[in-house]
Amino acid sequence: MKVASSLVLVLSLHAALASQGLAPATAWRQFESGNGPGWTVQWNPSTGTPSAIYGPGLKLGRDIGSLAVARGESAALLNRFAALLGRGQSNFVETIGVKANQVYIFVYEQDYKGLPVISGRADVRIHEVGTVAMFGSSAVHIPNGFNMKPTITAEQARALGQKHVLGTKSLIERAAPPQLVVWANTESKARTTATLAFEVQIDERPGKPVVGKAYVNAGNGAILEFKNEVYECGSCVKKHVASSRTDRHANRMQRAMAKVPALNTPAPRESMAPLTGKVMAWTNLGILPVSPMTNTPLANIQVTRSAGSAYTDANGNFSIPYSGSSAVTVNATLVGRHSLRIRVASGTQMSASA
């Protein structure tokens, strides 16, 4: 029995290693053959990997009742389809793991032998009913024998990066020290190439801020890219600086929970008769993008009138104090306790009035 068990284990390991040597396009054909029709795939032209795969959903055989269980299923999925996702000898390191509504959301960054792979990532979405709704990657192919020994020093890379961006070689004390990374352009329309590089933090403040990251080829000192981290806010018309790469995911969900202004609702008086109603919307509650719509109550939606506002409860009901007797128009928009409309780039903001 022991010999047979060992033989099965060895054969399984050989099969797993052989499958990881497959090209993503070949692995995709095997995936379609084994999981049936109806799938949609979006390929990343720069990495040659499927950045998003979705369709009928992959059944996991059980409901997913916690983030820990979902995390285990997600890790198993990445291992199972490592060749399809182009993982190679890299690892996927989790940077986001949350549950939003009925879906567990996982985002991973690519890591190669301890070096961050710039813009290399993987995504998994698992519905709580036990179905993988979407997964994919933009994983950079790193060839065997990839050279991890730099020719230039970190200080030389710092000077080159600062000269390129600032036109000066003066050192900036508060900037983070350069670090080795694997650089690639995963947004290119052509196939990208993994390059050993130094990530040089540029931080020129106060005054007109010049903040960002310069990527310097660790072999010949060429400037590969400068990522600007200063952006102009369309809401307050001020310039802001993005957080550092090391903590850009740590508080992302907290930063996304926008502060909601205090409600402009007068204290109720006995003579006030409340304005009451229910907010409902045709909503996709299924696990597929083509699932039928259900008219369902919307909780935590702001309903406003000229003199005040309120949020809907768990059943979509609202109540706003009112002292008059004439008709009043109330308006509901997709603004909630934890979401805030910043700007409508195109089209019309969804709203309903009554």
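By convention here, the first residue in the shown sequence is residue 1.
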CD/Q102: more than 12 non-hydrogen atoms of other groups inside 6.0 Å: yes
Candidate pair I118 and K227, rule side-chain contact (heavy atoms from CB on, under 4.5 Å), full reasoning: CA-CA 11 Å; I118 303 304; K227 288 189 175 181; 3.4 Å; yes
Distance-only side-chain donor-acceptor flag, Y215 / T195, under 3.5 Å: no
From L180, V181, V93, residue fulfilling side-chain contact (heavy atoms from CB on, under 4.5 Å) relative to P116: V181
Rounded distance [0.5 Å steps], CG in N317 versus CG in L298: 11.5 Å
Between R71 and S74: side-chain donor-acceptor atoms closer than 3.5 Å: no
side-chain contact (heavy atoms from CB on, under 4.5 Å) assessment of F146 paired with K113: CA-CA 11 Å; F146 180 77; K113 297 183 179 181; over 6 Å; no
Between CD on residue Q30 and CG on residue L22, distance to nearest 0.5 Å: 5.0 Å
Residue pair G48 / R191: nearest heavy atoms and the distance that separates them: CA-NH2, 3.6 Å
Non-hydrogen atoms of A332 and V279 that approach each other most closely: CB-CG2, 4.2 Å
Non-neighbouring partners of K99 that pass salt bridge (charged side-chain N to carboxylate O under 4.0 Å, His left out), sequence neighbours left out: E128
Nearest heavy atoms of V211 and N228, plus distance in Å: O-OD1, 3.2 Å
Pair E32 + R29: basic N to acidic O under 4.0 Å: no
